[in-house]
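For the numbers below, each heavy atom of this structure counts, side chains included, while hydrogens, waters and symmetry mates do not.
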Amino acid sequence: MTDLVFVYGTLRGGGSNHWRMENATSIGTAKILGMLFRVDHYPALIPDDTQGAVTGEVYRTDSDLLGRLDDYEGDQYTRVLHRVTLEDAAQIEVWLWRWNRPMAGLERIPGGDWLEAAGG
């Protein structure tokens, strides 16, 4: 199994919860095909190969941090393996947290970049 994670919201560099990534090593910026939605002060990702791109970052983690991130993400998200594309066009498989609740009433973030949409 991989020890790489894709983060696309508050865990990204500059995000309000980036401190949770302090023991992780940045691999770089990446994109995934899918849709990003505003839930509240955090986003929800739905991977979808027929939709636009969502921007995020890839980090190398250890199993301890991965477990803490699972706890942080809670039961609104399901951790799944998915392929993302790095800036150099390389495709890698990473863990990411996919929204597992209804989408009704959520605002789609058309640019797919949470930090841009959240203003920072």
Side-chain angles (χ1 to χ4, degrees):
M1 288 292 179
T2 185
D3 60 349
L4 298 175
V5 297
F6 176 77
V7 296
Y8 52 87
T10 66
L11 294 171
R12 286 176 59 193
S16 60
N17 283 292
H18 181 67
W19 62 270
R20 296 177 186 274
M21 304 302 293
E22 68 182 346
N23 293 328
T25 303
S26 175
I27 302 301
T29 302
K31 292 196 182 266
I32 182 174
L33 293 177
M35 299 175 288
L36 198 62
F37 295 86
R38 179 183 305 276
V39 177
D40 187 0
H41 60 279
Y42 56 94
L45 170 66
I46 301 294
D48 184 334
D49 291 342
T50 67
Q51 298 295 323
V54 173
T55 300
E57 298 165 0
V58 175
Y59 289 86
R60 184 172 307 285
T61 66
D62 59 27
S63 60
D64 187 47
L65 178 56
L66 197 57
R68 288 195 311 272
L69 292 173
D70 281 335
D71 291 342
Y72 165 71
E73 295 293 353
D75 64 0
Q76 293 180 318
Y77 297 88
T78 301
R79 180 166 43 104
V80 297
L81 281 171
H82 208 285
R83 192 166 290 282
V84 299
T85 304
L86 297 170
E87 287 180 304
D88 66 2
Q91 292 193 343
I92 58 172
E93 193 166 75
V94 297
W95 289 113
L96 60 82
W97 287 268
R98 180 195 191 286
W99 183 249
N100 65 21
R101 297 286 197 255
M103 304 307 297
L106 297 182
E107 170 195 353
R108 182 161 180 195
I109 299 169
D113 188 324
W114 173 252
L115 293 182
E116 186 176 290

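Shown here are the side-chain contact (heavy atoms from CB on, under 4.5 Å) partners of A90, two or more places apart in sequence or in another chain: L86, D88. Applying the side-chain hydrogen bond (donor to acceptor under 3.5 Å, both in side chains) rule to R83 yields no partners; only residues at least two apart in sequence or on another chain are considered. A search for side-chain hydrogen bond (donor to acceptor under 3.5 Å, both in side chains) contacts involving Y72 returns T10, N17, not counting sequence neighbours. Evaluation of the side-chain contact (heavy atoms from CB on, under 4.5 Å) rule for D70 yields R79, W97 as partners, not counting sequence neighbours. Applying the side-chain hydrogen bond (donor to acceptor under 3.5 Å, both in side chains) criterion to S63, with sequence neighbours excluded, gives no partner residue. With sequence neighbours excluded, no residue forms a side-chain hydrogen bond (donor to acceptor under 3.5 Å, both in side chains) with Y8. Remark: T78 engages V80, N100 in a side-chain contact (heavy atoms from CB on, under 4.5 Å) (not counting sequence neighbours). Here D75 pairs with R101 under the salt bridge (charged side-chain N to carboxylate O under 4.0 Å, His left out) rule; sequence neighbours left out. Taking V39 as the reference, Y42, A44, W99, L106 meet the side-chain contact (heavy atoms from CB on, under 4.5 Å) condition, with sequence neighbours excluded.
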| After noting the C-alpha distance and the side-chain angles of L69 and M21, does the key distance pass the side-chain contact (heavy atoms from CB on, under 4.5 Å) rule? | CA-CA 9 Å; L69 292 173; M21 304 302 293; 4.0 Å; yes
What's the verdict on side-chain contact (heavy atoms from CB on, under 4.5 Å) for T85 and I92, showing C-alpha distance, side-chain angles and the deciding distance?
CA-CA 7 Å; T85 304; I92 58 172; over 6 Å; no
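Side chains of Y59 and L4 form no contact here, defined as non-hydrogen atoms less than 4.5 Å apart. The shortest distance between side-chain heavy atoms of L65 and R20 does not fall below 4.5 Å. Residues V94 and L81 form no side-chain contact, since every pair of their non-hydrogen atoms from C-beta on lies 4.5 Å or further apart. Considering only heavy atoms from C-beta on, V5 stays 4.5 Å or farther from V58 through its side chain.
Residue pairs meeting the salt bridge (Lys or Arg N to Asp or Glu O under 4.0 Å) criterion with at least one member in residues 36-48, sequence neighbours excluded: R38-E107. Listed by first then second residue, pairs satisfying salt bridge (Lys or Arg N to Asp or Glu O under 4.0 Å) with a partner in residues 52-68 read D3-R60, R12-E57, D64-R68, not counting sequence neighbours.
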Show me the side-chain donor-acceptor pairs of residues 22-37 shorter than 3.5 Å, one per line, residues at least two apart or across chains.
| from | atom 1 | to | atom 2 | distance (Å) |
| --- | --- | --- | --- | --- |
| K31 | NZ | T55 | OG1 | 2.7 |

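Taking each heavy atom of I109 and A117 in turn, the nearest pair found is CG2-CB, 3.6 Å. Closest approach of G9 and P43 over heavy atoms only: CA-CG, 3.5 Å.
Defined by atom type and a distance below 3.5 Å, a donor-acceptor pair is missing between the side-chain atoms of Q76 and R98.
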